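Reviewing the structure listed below.
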Amino acid sequence: MEANTKPTIYWTLMEHVGWNLYLAATLKGLCFVGSQNQPFEELSEWAEKHFPGSPLVQNDEKLLPYAIELIEYFQGERKCFTKPFDYHGTPFQVAVWNALCEIPYGQTQSYSDIANQIQKPAAVRAVGAAIGANPVLITVPCHRVIGKSGKLTGYRGGLEMKTQLLKLERESSQVEGGALHV
């Protein structure tokens, strides 16, 4: 592919036991996981903003490895994701997203914890904004970030989706003798 060529964004609609999520990837990796039950426009608007002019091409086969990992997660069989990402953001956003990937399955951290982890303790609000810009829900586990008081706070997928994901992880961890740590 030439340097000037816009990357193709491949997409699929993953449907599994009540979960309906649009997934998208470039040849480099997963670049988007949508919100629960959102229309295709969520993906197309995101793609136009972050990959302007790139074609969107449905390709269920290319997205199958990512869909399989998500299905395994929903079944409580997968605790971390191994497929590559192709997310783009500012260096600060990428640092936050990388820090999110370090939060263990079934545990939560606060926005302050993330700010401290990336050595920007005064940047709690900026951490919140970076988390809100996370393009790959679930796989980059921003749902594991809660308020310092322990309250659930904003989530691009909505608080109901965040609650469902935390419950799934808590229940799966309890089956294995673990617990959700706040």
Side-chain angles (χ1 to χ4, degrees), residues 6-89 93 96-98 100-101 103-108 130-146 152-176 178 180:
K6 305 280 185 192
T8 299
I9 310 294
Y10 300 99
W11 66 271
T12 192
L13 175 61
M14 187 209 75
E15 298 174 287
H16 175 74
V17 190
W19 288 95
N20 300 298
L21 305 168
Y22 282 98
L23 311 179
T26 65
L27 292 176
K28 294 179 181 179
L30 188 67
C31 61
F32 180 84
V33 174
S35 304
Q36 170 70 327
N37 293 322
Q38 289 300 304
F40 181 77
E41 286 73 32
E42 180 190 31
L43 168 60
S44 62
E45 289 170 7
W46 173 86
E48 188 54 39
K49 180 177 179 182
H50 297 282
F51 290 90
S54 288
L56 278 171
V57 176
Q58 183 173 5
N59 190 318
D60 301 336
E61 185 178 329
K62 281 195 187 303
L63 275 292
L64 185 60
Y66 304 103
I68 288 171
E69 284 201 346
L70 278 162
I71 289 167
E72 291 169 348
Y73 169 84
F74 290 130
Q75 294 173 334
E77 299 167 4
R78 176 168 294 280
K79 308 291 185 244
C80 62
F81 296 91
T82 61
K83 300 298 177 207
F85 294 114
D86 184 18
Y87 50 61
H88 300 266
Q93 287 174 322
V96 169
W97 299 338
N98 288 339
L100 297 176
C101 292
I103 304 172
Y105 180 93
Q107 296 185 25
T108 58
I131 289 172
N134 172 18
V136 282
L137 296 181
I138 306 168
T139 56
V140 173
C142 55
H143 61 277
R144 296 181 191 154
V145 180
I146 60 175
L152 295 187
T153 56
Y155 185 65
R156 178 169 61 89
L159 289 182
E160 183 178 332
M161 182 177 173
K162 184 173 189 167
T163 301
Q164 287 179 298
L165 295 170
L166 291 172
K167 180 180 177 191
L168 178 136
E169 291 186 13
R170 181 178 61 243
E171 290 173 353
S172 181
S173 294
Q174 287 173 346
V175 167
E176 297 172 8
L180 181 66

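Computed from a predicted model, the values in this text were never measured in an experiment.
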> Can V33 and F81 be said to form a side-chain contact (heavy atoms from CB on, under 4.5 Å), step by step?
Replying inline: CA-CA 13 Å; V33 174; F81 296 91; over 6 Å; no
>> Checking K62 against L27 for the side-chain contact (heavy atoms from CB on, under 4.5 Å) test, could you report, in this order, the C-alpha distance in whole Å, the side-chain angles of both residues, the deciding distance, and whether it holds?
In response: CA-CA 9 Å; K62 281 195 187 303; L27 292 176; 4.1 Å; yes
> Could you go step by step and tell me if F74 and I138 meet the side-chain contact (heavy atoms from CB on, under 4.5 Å) rule?
Replying inline: CA-CA 10 Å; F74 290 130; I138 306 168; 3.8 Å; yes
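Taking K83 as the reference, nothing meets the salt bridge (charged side-chain N to carboxylate O under 4.0 Å, His left out) condition, with sequence neighbours excluded. In terms of the side-chain hydrogen bond (donor to acceptor under 3.5 Å, both in side chains) criterion, Y155 has no residue partners (sequence neighbours excluded). Every side chain to side chain contact (heavy atoms under 4.5 Å, CB included) that A47 has, sequence neighbours left out, goes to L56. Judged as a ring pair (Phe, Tyr, Trp, His ring centres under 6.0 Å), and not counting sequence neighbours, the contacts of F32 are W46. Evaluation of the ring pair (Phe, Tyr, Trp, His ring centres under 6.0 Å) rule for W97 yields Y87 as partners, not counting sequence neighbours. Partners of T153 under the side-chain hydrogen bond (donor to acceptor under 3.5 Å, both in side chains) rule, at least two apart in sequence or in another chain, are Y111. Every residue two or more places apart in sequence or in another chain that forms a side-chain hydrogen bond (donor to acceptor under 3.5 Å, both in side chains) with T26 is listed here: D86. In terms of the side-chain hydrogen bond (donor to acceptor under 3.5 Å, both in side chains) criterion, residue partners of E72 (sequence neighbours excluded) are, by chain and number, R78.
With values rounded to the nearest 0.5 angstrom, E160 atom CD is found 8.0 Å from Q36 atom CD. For the atom pair NZ of K162 and OG of S35, the computed distance is 12.5 Å after rounding to the nearest 0.5 Å. Between the CD atom in Q93 and the CG atom in N98 there is a gap of 11.5 Å [rounded to 0.5 Å]. Note that the OG1 atom of T139 and the CG atom of L23 stand 8.5 Å from one another [nearest 0.5 Å]. Taking CD of Q75 as the start and CG of L168 as the end, the distance is 10.0 Å to the nearest 0.5 Å. Separation of atoms CZ (R170) and OG1 (T163) is listed at 9.0 Å; rounding is to 0.5 Å.
Between N59 and T8, the closest side-chain pair of non-hydrogen atoms is not below 4.5 Å. In this structure, the side chains of Y73 and I68 stay at 4.5 Å or more apart for every pair of heavy atoms. Residues R144 and L100 form no side-chain contact, since every pair of their non-hydrogen atoms from C-beta on lies 4.5 Å or further apart. Proximity of L137 to L165: side-chain heavy atoms (C-beta onward) are nowhere separated by under 4.5 Å. At a threshold of 4.5 Å between non-hydrogen side-chain atoms, the residues Y66 and M14 do not count as touching.
Sorted by first and then second residue, the salt bridge (charged side-chain N to carboxylate O under 4.0 Å, His left out) pairs with a member in residues 36-46 read E42-R156; sequence neighbours excluded. Listed by first then second residue, pairs satisfying side chain to side chain donor-acceptor pair (under 3.5 Å) with a partner in residues 10-24 read T12-D60, N20-N37, not counting sequence neighbours.
In this structure, the side chain of K28 does not engage the main chain of A25 through any donor-acceptor pair within 3.5 Å. In this structure a side-chain-to-backbone donor-acceptor pair under 3.5 Å is missing from Q38 to L43.
Nearest heavy atoms, C31 versus P135: O-CB, 3.5 Å. When all heavy atoms of L30 and A24 are compared, the pair lying nearest together is CD1-O, 3.3 Å. Residues P52 and H50 come closest through the heavy atom pair CD-C, 3.4 Å.
Here the rule is side-chain contact (heavy atoms from CB on, under 4.5 Å) with C142, and of N134, I103, V136, V96 only N134 fits it.
Applying the 6.0 Å contact sphere to CD of E61 captures no more than 12 heavy atoms from other residues, nucleotides or ligands.
A donor-acceptor pair shorter than 3.5 Å can be found between the side chains of Y105 and S172.
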